[in-house]
Amino acid sequence: MNGIWGGMLLIGIAYGVMSGEVKAISDALISSGREAVALCVTMSGVMALWSGLMEIAKDAGLMTAIVRRLRPVMRFLFPNIPEEHAAMEQITTNCVANVLGLGSAATVYGLRAMAALEELEEERRKSVHVHEPGADWKEQSGNKNGRMQRNQRARGAVLCPVPRGTASNEMCNFLILNISSLQLIPVSVIAWRSQYGSVNPTAIVGPGIAATAVSTGVAVVFCKLMDRK
């Protein structure tokens, strides 16, 4: 992406110089820099506000209650993640932040969720081993994680650890759901529209709910179909 954007900028500047529009390029650079700083300040304020509210909700126990309420949904979406694992809480928090339209604030929880999913995958690697090529994965005796694996396999889960450096099935599903997430209040988009002088910044709410509801539904169906494969 850095190469693509850098190439586009260089091509645009070169074309402007060759066409004699050097003054227009200078004006655009100055005005764009000013707008970028103003937008960063605006979005930083919005992100700080909602991130603070999320932390208050966590300290007050509200997020714990929401996580508990959403547990059946999370179990349906991520059946192979243990209920009490840290990854489940981080994924749920990220989903809640995305539903509220806090894309920037949700990024922090998304990164934590990915880190927790990698820890879960490492636990699986330690609790199982392959005794010969193509053989089924075996649990190490007396290991708590092995018992966890056996309990989950009894529910029909397929728990084959992936090699290090490879995204697990849960990571892929989480990324797809994160990108397509339902948004009830697109706070970031409303802030952008307000920053650039929209007459009715909240007009995006209805279409946003409809569009993200469809995208989330398609993502869930896709993930479940791929899980079966």
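We number each residue from 1, following the sequence as shown.
Atom CG of N169 sits about 10.5 Å away from atom CG of L117, to the nearest 0.5 Å. Between atom CD of residue E119 and atom CD of residue E122 there is a gap of 9.5 Å, rounded to the nearest 0.5 Å. To the nearest 0.5 Å, atoms OG1 (T92) and CZ (R69) are separated by 14.5 Å. One finds the OG atom of S32 at 11.5 Å from the CD1 atom of I25 (value rounded to the nearest 0.5 Å).
Residues D227 and F222 are not in side-chain contact: their nearest non-hydrogen atoms beyond the backbone lie 4.5 Å or more apart. Under the 4.5 Å side-chain criterion, counting only non-hydrogen atoms from C-beta, M8 is in contact with W5.
Side-chain atoms of T216 come within 3.5 Å of backbone atoms of L182 as a donor-acceptor pair (strictly under, hydrogens ignored). Side chain of S181 to backbone of N178: no donor-acceptor contact under 3.5 angstrom is found.
Note: the hydrophobic cluster containing I91 also contains I179 (ILVMFWY, side chain heavy atoms under 4.5 Å, direct or indirect links). A single hydrophobic cluster is seen to contain both M74 and F76, as judged by linkage of ILVMFWY side chains at heavy-atom distances under 4.5 Å, directly or through other members. Under the 4.5 Å side-chain heavy-atom criterion for Ile, Leu, Val, Met, Phe, Trp and Tyr, M88 and V73 are members of the same hydrophobic cluster. A continuous path of Ile, Leu, Val, Met, Phe, Trp and Tyr side chains, each step under 4.5 Å between heavy atoms, connects M171 with L175, placing both in one hydrophobic cluster.
Among V220, N173, L70, the one residue that satisfies the side-chain contact (heavy atoms from CB on, under 4.5 Å) test with L77 is V220.
Contact between A219 and S180 at its shortest, heavy atoms only, is CB-OG, 3.0 Å. S168 and E121 get closest at one heavy-atom pair: CB-OE1, 3.5 Å.
For the residue pair T202 and N200, a side-chain donor N or O sits within less than 3.5 Å of a side-chain acceptor on the partner.
A salt bridge is absent between E118 and R164: the closest approach of a Lys/Arg side-chain nitrogen to an acidic carboxylate oxygen does not fall below 4.0 angstrom. Salt bridge annotation for E170-R124: present, with a cationic side-chain nitrogen under 4.0 angstrom from a carboxylate oxygen.
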Pairs under 3.5 angstrom only: tabulate donor-acceptor contacts from the side chains of residues 203-213 to other protein residues two or more places apart or in another chain.
residue, atom, partner, partner atom, Å
T212, OG1, Q183, N, 3.1
T212, OG1, G208, O, 2.7
T212, OG1, I209, O, 3.3

